[in-house]
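Source: prediction; values computed, not measured.
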Amino acid sequence: DMGTFGSMNVRNFGPALRGAGAEAKAILLQMAAEQLKAPPARLQVKGGVVTDSAAPGKSVTYGQLVQGKRIERHIEGVAVKPVTAYTVVGRAAPRKDALEKVTGKAKYCGDFMFTGMLHARLVRPPAHGAKLKDADTSAAEKAGARVVRDGELIAVLHERPDLADKALGLVKAQFERPLPTVDDKTIFDHLLKTGPPPQNVGASGDLAEGAKASAAIVEETYLNSYVAHAPMETHSATAVVENGKVTVWAGTQAPFSVRQQVAQAVGFPPQNVRIIASYVGGGFGGKSAAAQAVEAARLAKATGKPVQVVWNRAEEFFYDTFRPAAVVKIRAGVSSAGKIALWDYSVCGAGEREAKTYYDVPHQRTLSAGGWQGGNPPGMHPFAIGPWRAPSVNTNTFARESHMDALAAKAGIDPLEFRLKHLSDARMRRVLEAVAKQFAWKAGKAPSGRGAGIACGIYSNAYAATMADVVVDKKTGHVQVTRVVSAMDVGLAVNPDGLRQQMEGCIAMGLGYSLTEEVHFKDGEVLDRNFDSYQIPRFSWMPKMETILIDNPGSPALGAGEPPIITMGAVIANAIFDAAGVRLRQLPMTPARVLEALKKG
């Protein structure tokens with residue numbers, strides 16, 4: 001009942017479904033044995049037909065056994081089919097929703113229309129923390145719009161969406177804006193000042209001994225800005241109230257939690273609330289929350305008519321739960337033999353997931369202060385934060401893998417060789433070696449001028465490694481990623497085509513948070529209101545993509561929706577260093593930041 005996120009579906013539900021399937025088959029064989037008067041061990045199944053191997057003429061289909069009836073039997077301890085016997089799992093399966101989506105037949109929440117339906121437009125504050133002082137809605141009412149005021153909720157509604165827009169423009173609302181606080185430039189100092197005391201999430205050895213054993217110490221700070229989900233479909237919902245019950249069509253990743261929220265908001269028992277989750281036009285963690293569903297349900301109850309709420313792009317950016325801005329500080333040392341002797345890592349704002357290094361380091365410590373899941377001190381973040389495709393792990397992988405490259409350069413060792421030198425994890429070595437072979441990695445010290453980068457990481461026990469080629473325009477600061485090779489080990493590959501689609505999607509989306517995506521804000525006001533200032537990846541950005549699936553059927557199947565994206569920031573940063581000899585330590589790596597780094601040399 002949690003929802004769809006975290007690449008958990010295959011990982012969590014796969015074993016349960018396999019077990020249920022095995023038990024169902026065993027029950028059907030038991031029923032067939034009774035009908036055919038043959039021992040179950042003698043029965044064979046093919047294409048839903050059960051045959052007695054000793055009497056090929058005796059057979060019965062699954063349909064004939066069930067006859068549309070409810071069958072209630074249970075068999076304990078049924079063994080699941082071994083991987084070697086699979087005939088469907090491991091083979092490519094086409095998407096069942098593809099035709100609907102490419103032909104425009106797919107219905108999203110904004111596509112549902114009902115007789116007498118009202119389109120709602122809500123009065124919104126100009127900034128987070130702004131308080132409503134007064135609102136004059138008389139002009140909107142005179143223009144023919146229906147006005148609903150329910151506590152802090154003020155909405156104008158009309159059967160025509162264009163007239164609802166016009167009516168909203170007639171509302172005169174006065175807000176008390178918040179006092180000046182922070183902006184996108186001062187946020188990092190703010191996080192360090194307001195964050196909670198850091199918690200030790202992993203340590204071994206002695207840091208002082210590690211420092212003594214180090215011939216050189218590299219200490220750096222890595223930053224990432226707030227990032228929006230920017231889905232193609234904005235938050236949308238349509239609600240209908242009838243006979244004390246409410247049905248809501250909502251674009252959400254978590255329909256069960258939305259059901260509870262709607263029930264509480266409209267005062268109905270949960271059993272009288274139905275949430276229909278239609279196609280979600282982009283979620284990435286941002287549609288775990290569904291405030292628009294609550295708004296639609298409240299307005300439908302107040303008006304007695306079907307109500308549709310579709311956020312415009314400015315509302316989408318304003319009410320998004322952003323990937324948190326974060327600061328990572330790393331102090332690490334290498335010995336004269338080129339081995340990492342010291343690793344002192346501290347992350348503030350992002351969270352501790354995959355913060356602890358998997359590299360072999362005798363003296364290490366990992367600290368974490370605050371995170372994306374809440375529990376932060378009031379005022380630490382100026383607006384809501386939440387999951388954004390591999391929460392925490394994008395930040396921590398960017399910082400760790402960038403610093404690994406910096407240490408390799410300091411030691412004068414090839415970046416791939418340097419990583420393998422510190423890896424006893426066989427799965428990580430395997431994905432690194434696979435991607436290096438496909439990429440045709442040329443060993444050498446960075447910067448080489450070629451523009452090749454490397455990064456690897458772990459997300460929920462799935463392993464990923466990436467190599468990339470980039471071209472840096474030293475006059476404009478523009479970075480063009482020309483080739484990306486991505487390898488992934490998610491255990492048993494249930495649908496190889498689906499996995500490759502996820503990998504390519506991660507690569508494409510990863511270009512955005514790496515190169516351009518950041519939320520600009522000041523004193524609670526989100527300054528990015530559309531794609532003119534908030535740039536997401538375009539077709540012209542797309543590199544040649546090559547994907548590698550590591551064959552590992554002996555390990556349980558894991559989710560693939562996030563592992564490849566975690567390496568994108570670091571692999572591009574490391575490739576920029578190899579191309580131009582400058583290290584970018586803040587995401588996104590915009591042309592302005594590239595030029596600034598080049599200027600500083």
Side-chain angles (χ1 to χ4, degrees), residues 120-137 140 148-156 168-197 223-230 234-235 261 265 285-286 288-292 294-295 298 309 311-327 348-351 369-388 517-530 532-534 586:
R121 301 293 184 263
L122 285 80
V123 176
R124 304 296 194 186
H128 288 272
K131 303 296 182 183
L132 179 67
K133 295 177 64 178
D134 185 45
D136 181 356
T137 60
V148 173
R149 299 187 69 152
D150 181 11
E152 84 294 346
L153 180 69
I154 302 177
V156 295
L168 180 62
L170 297 174
V171 176
K172 297 178 181 178
Q174 297 179 9
F175 288 88
E176 181 180 341
R177 296 180 70 98
L179 295 173
T181 51
V182 296
D183 57 32
D184 49 82
K185 296 177 179 61
T186 62
I187 184 63
F188 304 109
D189 288 337
H190 174 79
L191 291 175
L192 293 173
K193 291 175 182 176
T194 60
L223 311 172
N224 71 247
S225 303
Y226 290 100
V227 180
H229 295 90
T234 62
H235 278 63
Q261 294 166 26
S288 302
Q292 85 286 3
V294 173
E295 292 170 342
R298 289 175 66 183
V309 174
W311 289 359
N312 61 31
R313 187 58 60 183
E315 289 175 301
E316 182 70 31
F317 276 113
F318 186 87
Y319 286 106
D320 197 4
T321 52
F322 302 122
R323 188 186 81 178
V327 180
C348 177
W372 61 275
Q373 290 179 298
N376 298 311
M380 180 180 177
H381 292 284
F383 23 60
I385 57 170
W388 189 101
E517 291 188 51
E518 65 179 316
V519 177
H520 300 92
F521 64 95
K522 184 177 182 180
D523 303 333
E525 182 178 357
V526 177
L527 304 178
D528 296 295
R529 298 171 185 174
N530 215 315
D532 54 344
S533 63
Y534 191 91
Q586 180 174 353

Enquirer: Testing the basics here: between Ile154 and Ala135, what is the closest heavy-atom pair and its distance to 0.1 Å?
Expert: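 The pair with the smallest heavy-atom distance is CD1-CB, 3.8 Å.
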Enquirer: Among pairs that include at least one residue of residues 373-384, which meet side-chain hydrogen bond (donor to acceptor under 3.5 Å, both in side chains), considering only residues two or more places apart or in two chains?
Expert: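 Pairs touching residues 373-384 that pass the test: Tyr226-His381.
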Enquirer: According to the side-chain hydrogen bond (donor to acceptor under 3.5 Å, both in side chains) rule, which pairs have a member within residues 169-180, sequence neighbours left out?
Expert: Arg177-Glu525
Enquirer: Within the distance-only criterion (no hydrogens, no angle test), does the side chain of Asp136 pair as donor or acceptor with the backbone N or O of Leu170 below 3.5 angstrom?
Expert: no
Enquirer: With rounding to the nearest 0.5 angstrom, report the SG to NE2 distance, Cys348 to His190.
Expert: 9.5 Å
Enquirer: What pair of heavy atoms forms the shortest contact from Gly371 to Ile385, and how long is it?
Expert: O-CD1, 3.4 Å
Enquirer: Donor-acceptor check, side chain of Glu517 to backbone of Tyr534, threshold 3.5 angstrom: yes or no?
Expert: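 Absent.
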Enquirer: Work out which heavy atom in Pro382 is nearest to a heavy atom in Val182; give both atom names and the distance.
Expert: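 In this case the closest contact between Pro382 and Val182 is CG-CG2, 4.2 Å.
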Enquirer: Which residues pass the side chain to side chain donor-acceptor pair (under 3.5 Å) test with Arg298, not counting sequence neighbours?
Expert: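 Counting only residues at least two positions away or on another chain, Arg298 forms a side chain to side chain donor-acceptor pair (under 3.5 Å) with Asp150, Glu152.
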Enquirer: Answer yes if the side chains of His520 and Asp528 hold a donor-acceptor pair under 3.5 Å, and no otherwise.
Expert: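 Checked: His520/Asp528 side chains pair up, N/O donor to acceptor below 3.5 Å.
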Enquirer: Could you give the distance from CZ (Phe317) to NE2 (His229), rounded to the nearest 0.5 Å?
Expert: 11.5 Å
Enquirer: Phe175: which residues meet the ring pair (Phe, Tyr, Trp, His ring centres under 6.0 Å) condition with it, sequence neighbours left out?
Expert: none
Enquirer: Could you report the tightest heavy-atom contact between Lys522 and Asp183, atom names first, then the distance?
Expert: CA-CB, 4.0 Å
Enquirer: Rounded to the nearest 0.5 Å, how far does CG of Leu153 lie from CG of Leu132?
Expert: 11.0 Å
Enquirer: For residues 122-131, which side-chain donor-acceptor pairs fall under 3.5 Å, sequence neighbours excluded?
Expert:
residue, atom, partner, partner atom, Å
Arg124, NE, Glu315, OE2, 2.6
Arg124, NH1, Glu295, OE2, 2.9
Arg124, NH2, Glu295, OE1, 3.3
Arg124, NH2, Glu295, OE2, 3.4
Arg124, NH2, Glu315, OE2, 3.2
His128, NE2, Phe318, O, 2.8

Enquirer: State, with a plain yes or no, whether a side-chain heavy atom of Trp372 is found less than 4.5 Å away from one of Thr321.
Expert: no
Enquirer: Determine yes or no for a side-chain-to-main-chain donor-acceptor pair under 3.5 angstrom, with Trp388 supplying the side chain and Ala228 the backbone.
Expert: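 Flag set: sc Trp388 to bb Ala228 pair under 3.5 Å.
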Enquirer: Taking all heavy atoms of Leu168 and all of Arg121, pick out the closest pair and write down the distance.
Expert: CD2-CB, 3.8 Å
Enquirer: Determine the minimum heavy-atom distance between Ser225 and Glu518, stating which atoms define it.
Expert: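 Answer, listing the atom of Ser225 first, then Glu518: OG-OE1, 3.1 Å.
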Enquirer: Sequence neighbours excluded, which residues qualify as side chain to side chain donor-acceptor pair (under 3.5 Å) partners of Thr234?
Expert: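 Expected list: none.
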Enquirer: How long is the gap from CG on Leu223 to CG on Leu191, to the nearest 0.5 Å?
Expert: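 The distance works out to 9.5 Å.
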Enquirer: Report yes if the side chains of Glu316 and His235 come closer than 4.5 Å at any heavy-atom pair, otherwise no.
Expert: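 Side chain of Glu316 against side chain of His235, heavy atoms only: contact under 4.5 Å found.
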